[in-house]
Amino acid sequence: MTQPEAKKRIETLTEQINYHNDLYYQHSKPEISDYAFDQLLNELLTLEKEFPELGLPDSPTQRVGGTITKEFATVVHQYPMLSLGNTYSYEELTDFDGRVAKGLEGEAYEYFCELKFDGISISLIYENGLLTKAVTRGDGVRGDDVTANIKTIRTLPLRIKQKNIPPKFEVRGEVFLPKEVFKQLNKEREDIGEETYANARNTASGTVKMQDSGEVARRKLDCYIYYLLGEDIEAETHADAIKQLELWGFKVSPTYKKCKDIQEVFDYINHWEKKRDDLPLETDGVVIKINSLEQQERLGFTAKSPRWAIAYKYKAESISTKLKGITYQVGRTGAVTPVAELEPVFLAGTTVKRASLHNANEIARLDLRIGDYVFVEKGGEIIPKVTGVDLSKRNESLKAVDYITSCPECNTKLIRKEGEANHYCPNEEGCPPQIKGRIEHFIQRKAMDIDSLGEQTIKQLFDLGLVKTPADLYDLKKVDLLKLEKVKDKSAQNMLAGIEQSKTQPFENVLFAIGIRYVGKTVAEKLARHFKNIDALSSGTYEQLLEAPEVGEKIAQSVVEYFKDPNHQKEISRLRAAGLQFESTMQVPNVVSHVLEGKSFVVSGVFQNYEREQLKEVIASHGGKVLSSVSGKLDYLLAGENMGPAKREKAEQLGVKIISEEEFKKMIEG
Ligand code: IVH
C-alpha cells in the first residue's frame, strides 16, 4: 500500500470506528459484532504501525493504550484545582445558604445540585477540539500528566465534533471504576490467586497512575464531567455549561438538578440518600453549586475552596450487631478467607448476616473477640465490612480470636508464605474446595467455555468420585453423567458435546484454564504468543520467562514452579492426549519490509513509543530476528531506559552494537 492509499484507508477506518464506538458506548446500540469491530481496529493498528507518521492524536487506537510512561511529567494547572468545603449537617448547609444570601446582598439566586462522585478528579485540556492533556489534581497547583492513560477511557471524546467551539478550554471531572467493573476485577484477581483490592476509589487512583496504558485500557475506567472552564465560554449558568458539555459529547451524570432554594436542596439530598445505591458508581455525597456563573464569580474563593459551592457528605451507614462467630472459606488457590458470622441486621436496604474479614491481620487489627458487638458498614459497596468494635458493650471475659491452624475443609496444617497476608492450605491435590475450584476455573467462559457444565454439576461429579482434575472431564462417558441428579439422555449428550467442543479452544485459553497462579487471561495470551507452544513454555527458564511481555518476577517464579511439579506435568500430558490445543495459532506479523533481514536483536528496557512486545513485532515485520539473550552472534542490543547494567556490560565486552530507540526508528524508516 502506498502512503496516500494508507492515509485514505486510515481516515475511513477512523470514521467507521468512531461511529461504532459512539453507538456502543454512548447509545448502547451496537450495529456490528465485537469481532467485526476488533477487525476494524486491528486493521487500523497495523496501518499505523506500518506508517507511524500517519497516526493521529485522536486515533481510536489510543483507546487500547500501549504506551509506557516511566515517570509522569509535572504540569502546572492553569486554574488551581481547589477542593470543596465539607459538611455532614443540615444546620451547616443552612449556614452556608445564609453566607451566600449575605454575599449576594439580597439578590435572588438558585442552586444546582450534583452527586459527589467518589473517584479521582482530572483536568482535561482541549485545544482546537482535540484532547491534548489530562492532568491529575496533584497538590491542586501541579499534577501529573496522565494523558495516555486517560485517552483509554472510551466515553471521553478525543476530538469534539461540533464546530464553533472555543479554541482552548478545560473540563474537569471524576475518573472512576464502575461498581460492576470493580467487582469483576476483584473476582478475576481472586481467581488467579492475587489479593483483592479494598475499594474502587483507590483502585481507580492506582490505575490512573499505571505506567502501561495497555493495562489501563483493560481496567475499563469511566469518567463523569462536571465543570467547564476557559476564556470564551458562552454560558451564563452552570446549567448552561452542563448542557454545553452534554452537547459536545461529554458523559455527564444525569442525576443533576436545579434547585430554587435550600429546601429543594434538602429534598435532593434526601432523595439520593437511598437511591444512590442503585447508581453504577460509588458516590459519597452531594455537591451544591450556585447556578449563576456571574454570582459564582462575585462570591469568589477562600484560600482553599470556592464560596459558591459546598459538599454535603452522606454518613456511611453503620450499625452495631453481635459477632456470633468466624468461619473460614478456602478458595481455588488454597487461600483462606475469614468471614464474620453476624446476628442478622438490616442495613441500607438489605439484611446483613456475614462480612469478609480479609485475613488474620485484619482480625488482629480490629482486636475482634467472638461475642463482641461490632460496627458494620456499607460504604455503597455491595459487601459489608466490619469497621470496629463497640467497646462500650465489650464483655471483658471474651477471649481474643485464635486463628485456625489447620484447613477447615481437609484438616491439613495451614502455611503462611513470607510477605503474604493470607494463610494457605497446601493440600492442593486433596482439599475439596481447591479441587472443585480448579475445575470451575477450567470450564469458565474465558477459559474452556464449557457452559453445559456448572457449579452444581461439578460438585456432583466430584462427590461421585468421577472428576478430580480437569483432565478427568475428557474421560467422562454418558453412563457416568446419567448418574447425576435430574440428568437425562439429552442433557448428558449436551454436556459431552460441550466438553468435546472445548477441545477447539485456542492455546491461550488452555493456558489460562490450567490455573497457574498469577497467570490471568492477559498474561496467558502474552505467554502463548511469546513461547508459541507448551514445550517451549514449560522448559523456559526463569530468565527466559522474564523476557516475555508483562511477566515480572512473581509470575516467572510461579510458572517455573508450576511446571516443576510432576502432577502438573502428568495433567498436561493427559490434556494433550485428549486433544486440547497446546500450540499457538496466533497470527504471525505482516511483512512490512525486509530492511532488517539477517539482523538479530535483543530488546531490553522501557521504550517511549512502543511496548516491548510491540517492538519485537515491528522487528519481525521488517524481517529481523528477536533473540532472548546477548551473545557473540547478536547484531544489535536495542536499549530502552532502565535496561539492566549486566546486559550492557556483556554487549560491550562482546562488541555487540548498542542502539537506541531513535536509531532503530531510523533503521526501519530509511
Ligand atoms: S466541583 C471548585 N462536582 O470532590 C471545586 N466536584 O472536594 C470544583 N467531586 O476535587 C469541584 N463529584 O474530585 C465537583 N459533582 C462534582 C463532584 C466533585 C466529585 C470531587 C472532586 C473535587 C472534590 C472536592
Side-chain angles (χ1 to χ4, degrees), residues 77-88 92-93 96 100 111-124 134-144 146 150 153 156 169-179 199-202 204-205 207-209 221-230 233 235 237-246 250-259 265 268-269 271-272 276 279-293 295-314 379-380:
H77 295 294
Q78 186 179 358
Y79 310 96
M81 288 181 85
L82 300 177
S83 62
L84 291 168
N86 272 340
T87 168
Y88 287 91
E92 283 181 18
L93 272 188
F96 166 77
V100 167
Y111 288 111
F112 194 91
C113 289
E114 289 161 16
L115 283 165
K116 189 168 186 308
F117 311 113
D118 198 11
I120 67 154
S121 46
I122 194 84
S123 149
L124 307 168
V135 187
T136 62
R137 177 168 185 273
D139 62 3
V141 175
R142 64 198 81 223
D144 288 333
V146 287
I150 295 300
I153 301 178
L156 264 184
F169 63 88
E170 175 176 346
V171 303
R172 289 185 186 168
E174 203 79 356
V175 176
F176 60 91
L177 268 179
K179 284 180 198 164
N199 66 61
R201 203 209 83 91
N202 291 355
S205 169
T207 305
V208 165
K209 302 261 185 73
L221 291 168
D222 206 341
C223 180
Y224 276 143
I225 300 298
Y226 49 64
Y227 203 5
L228 172 62
L229 296 116
I233 305 299
T237 61
H238 182 63
D240 289 347
I242 290 289
K243 202 156 276 138
Q244 188 69 266
L245 288 168
E246 287 174 324
F250 288 100
K251 181 161 168 169
V252 175
S253 165
T255 49
Y256 58 75
K257 187 171 187 290
K258 204 158 78 177
C259 295
V265 170
Y268 179 90
I269 294 175
H271 173 81
W272 284 106
R276 70 197 177 104
L279 292 172
L281 81 163
E282 315 254 340
T283 53
D284 60 347
V286 168
V287 179
I288 301 129
K289 304 172 181 175
I290 285 290
N291 193 25
S292 153
L293 299 184
Q295 289 180 340
Q296 283 189 4
E297 206 168 287
R298 230 172 328 135
L299 288 164
F301 295 83
T302 69
K304 282 195 301 204
S305 52
R307 290 198 189 89
W308 47 265
I310 192 164
Y312 175 88
K313 298 252 260 182
Y314 290 118

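Predicted model, so just to flag it, every value in this text is computed and none were measured. Numbering of residues begins at 1 and proceeds along the displayed sequence. Both ligands and their constituent atoms are indexed starting at 1 by order of listing.
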(message) Would Ile120 count as being in polar contact with ligand 1, using the rule that some N or O on each side must be under 3.5 angstrom apart?
(response) no
(message) Evaluate Ser83 for polar contact with ligand 1, using N/O atom pairs at a separation under 3.5 Å.
(response) no
With a cutoff of 4.0 Å, is [X] in contact with ligand 1, counting heavy atoms of the residue only?
X	answer
Ala309	no
Leu115	yes
Lys289	yes

(message) Give the atom numbers and elements of ligand 1 that come within less than 4.0 Å of a heavy atom of Pro306.
(response) 2 (C)
(request) Would you mind listing which atoms of ligand 1 come within a distance below 4.0 Å of any non-hydrogen atom of Glu114? (result) 3 (N), 15 (N), 16 (C)
(message) Please classify the Leu84 to ligand 1 contact at 4.0 Å (heavy-atom distances, strictly less than): side chain, backbone, both or neither.
(response) both
(request) Please state which part of Lys116 comes within less than 4.0 Å of ligand 1, counting heavy atoms only: side chain, backbone, both or neither. (result) both
(message) Taking the six-membered ring for Trp, are Phe176 and Phe117 closer than 6.0 Å centroid to centroid?
(response) no
(message) Hydrogens and angles aside, do Thr237 and Asp240 bring a side-chain donor and acceptor to less than 3.5 Å of each other?
(response) yes
(message) Looking at Glu92, I'd like to know if its CD atom is crowded, meaning that more than 12 non-hydrogen atoms belonging to other residues, nucleotides or ligands lie closer than 6.0 Å.
(response) yes
(request) Decide, yes or no, whether a salt bridge links Glu282 with Arg201 under the criterion of side-chain N to carboxylate O below 4.0 Å. (result) no
(message) Is any side-chain heavy atom of Leu156 closer than 4.5 Å to one of Phe250?
(response) yes
(message) Tell me the nearest of Phe301, Tyr226, Tyr224 to atom 17 (C) of ligand 1, using heavy-atom distances.
(response) Tyr226
